[in-house]
Protein chains: 2
Amino acid sequence: MTARDQVRTADHRSGGGREARRAERREAILQAAMELIAERGYRGTSLAAVAERAGLTQQGLLHHFPSKELLLVGVLEARDRWDTAAAAATGAWRTDTLAGLVEYNAGRPGVVQTYTVLAGDSVTEDHPARDFFERRFRRVREGLAGVLRTEYGDRLPGGLTPERAAPLLAAVMDGLQLQWLLDPAEVDMTAAFGDFLALLGAAGGEGDASAVGAGTDES
Amino acid sequence: MTARDQVRTADHRSGGGREARRAERREAILQAAMELIAERGYRGTSLAAVAERAGLTQQGLLHHFPSKELLLVGVLEARDRWDTAAAAATGAWRTDTLAGLVEYNAGRPGVVQTYTVLAGDSVTEDHPARDFFERRFRRVREGLAGVLRTEYGDRLPGGLTPERAAPLLAAVMDGLQLQWLLDPAEVDMTAAFGDFLALLGAAGGEGDASAVGAGTDES
DNA sequence: GTCTATAATCAGATAGAC
DNA sequence: GTCTATCTGATTATAGAC
């Protein structure tokens with residue numbers, strides 16, 4: 001550990017040092033960037049606008065994030081950090097936890113909007129977030145397959161396996177977010193996601209159809 | 001009918017008149033715009049780039065579409081026209097037709113990409129395509145509910161109704177497109193959509209589970 | 001670390017010639 | 001109808017003072 005690192009650690013502990021202030025600044029910038037990306041998209045967001053909302057000049061911002069692309073990477077990493085507890089513990093999750101996450105998102109349209117806008121943007125050529133989303137979806141599909149296997153075993157309705165149902169689960173979450181953002185009065189994201197879970201839970205792959213309709217009226 | 005309209009009709013019939021050439025130009029511009037929006041997004045696409053690909057100057061383009069926003073409206077209308085036959089006949093569709101549409105889309109990544117990018121973009125503030133997508137999703141949900149009712153009746157697996165399953169169907173289609181665009185080698189969009197249909201068809205609301213597992217091994 | 005000043009580029013749109 | 005020329009404004013990024 002270098003002398004500088006010791007200072008940094010000490011500063012962080014004290015909570016009011018140089019490094020702590022630096023971290024605060026970075027957080028403020030990332031927060032502003034997230035909001036503006038939600039409002040105007042990545043390409044539509046200017047560094048000057050982010051800087052203004054964060055309370056500094058464009059050039060001051062560039063001191064913390066040397067380029068617009070690095071700022072985007074910062075935003076994505078922050079989002080990852082934000083639900084890291086979630087992602088890391090996915091193996092132990094259940095479908096109720098997923099439903100809870102959807103309900104939680106329903107109370108945070110801004111975050112959902114940032115995600116939806118960037119995900120759509122990411123499929124364009126040479127997009128700085130493309131790699132991030134490609135990896136993310138692989139990870140999410142694997143995690144969801146694990147959840148489904150834990151919950152329902154190897155055989156799901158319609159002859160599906162957890163691995164084949166996982167992309168559908170991810171797709172439903174994203175697709176519902178889009179419809180909900182566009183028309184929140186018309187689309188009840190939480191209820192709709194519950195409906196999909198009912199679809200996965202009803203009439204299991206064991207060929208036992210006696211459970212059909214049971215416990216599915218939580219509308 | 002005015003004298004001018006008569007001339008226009010005559011021109012159109014002859015196939016080589018002024019109006020026909022004008023229409024050709026517009027088509028070329030719209031085609032170029034669609035491609036570039038797929039590649040770079042709406043905000044990332046410049047009029048000059050569209051014009052160059054269409055074989056004229058930016059100012060020539062502005063003669064046909066007076067503003068960038070009107071060009072986007074043109075693109076969306078063209079897309080509507082493109083699958084108008086589909087949308088109009090939705091009432092008579094069946095789920096096989098939907099599966100066929102998904103398979104058709106799987107062969108046209110460019111079109112899917114334009115749609116995905118614009119849909120994500122549309123949730124940003126004051127986006128010129130927002131209204132279009134809001135209306136489109138309402139229409140699609142209604143159409144899909146009709147398809148499901150025709151096919152499966154009023155009761156679906158998991159205690160769902162056609163109206164409650166419709167947003168899920170739309171969500172799955174959009175969500176799968178996103179995952180497929182990002183990772184075509186990993187995500188088999190057509191097979192996955194078939195899986196979802198199996199989910200809707202298996203163990204129906206009537207309690208008849210005898211069809212479970214049939215025709216679902218097209219992995 | 002944050003600022004002012006500014007470079008270098010590119011955007012969408014207009015005016016007017018042909 | 002399509003062009004050349006031009007305007008106006010915004011963008012990312014750099015240089016250097018404090």
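Chain A is the first sequence line, chain B the second, and so forth, proteins listed ahead of strands; every chain is numbered from 1. Values below: every heavy atom of this structure, side chains too, minus hydrogens, waters and symmetry copies. All values reported here derive from a predicted model rather than from experimental measurement.
One atom, CZ of B/Phe65, and another, P of D/dT2, lie 12 Å apart when rounded to the nearest Å. Straight-line distance from the CZ atom of A/Arg21 to the C1' atom of C/dG1: 11 Å, rounded to whole Å. For B/Ile29 and D/dG1, the CD1 to P distance is 12 Å, given to the nearest whole Å. When the C1' atom of C/dA11 is taken as reference, atom NZ of B/Lys68 falls 8 Å away, rounded to whole Å. Atom CG of A/Leu70 is separated from atom P of D/dA13 by 9 Å (rounded to the nearest Å). Between the CD atom of A/Gln58 and the C1' atom of C/dT4 there is a distance of 12 Å, given to the nearest Å. For the pair A/Glu52 CD and D/dA10 P, the interatomic distance rounds to 12 Å; values are reported in whole Å. Taking atom CG of residue A/Leu71 and atom P of nucleotide D/dT12, one finds them 10 Å apart after rounding to whole Å.
Within the structure, a side-chain polar atom (N or O) of B/Ser46 is placed less than 4.0 Å from OP1 or OP2 of C/dA11. OP1 or OP2 of D/dT2 has not a single side-chain nitrogen or oxygen of B/Thr57 nearer than 4.0 Å. Put simply, A/Arg43 has no side-chain N or O that comes within less than 4.0 Å of OP1 or OP2 on D/dT11.
Note on A/Leu62: a base of the nucleic acid sits closer than 4.0 angstrom, heavy atoms only. Using a 4.0 Å heavy-atom cutoff across all strands shown, B/Arg22 reaches no nucleic acid atom at all.
The shortest side-chain heavy-atom distance between B/Arg136 and B/Arg79 falls under the 4.5 Å cut-off.
Between A/Phe133 and A/His127, the gap from one ring centroid to the other reaches at least 6.0 Å.
If you take CD on A/Glu163 and CZ on A/Arg149, they are separated by 4.0 Å, rounding to the nearest 0.5 Å.
Checking A/His63 against A/Gln59, the closest nucleotide of DNA chain C that is more toward the 5' end is the one next to A/His63.
Side-chain N/O atoms of A/Glu27 and A/Gln31 include no donor and acceptor closer than 3.5 Å.
With distances taken from any side-chain atom of B/Leu47 to the nucleotides D/dA15, D/dT12, C/dA13, the minimum falls on C/dA13. Distances from the side chain of B/Leu56 to the nucleotides C/dA13, D/dC3, D/dT12 place D/dC3 closest.
Counting heavy-atom neighbours within 6.0 Å of A/Glu52 CD, excluding the residue itself, gives a total of 12 or less.
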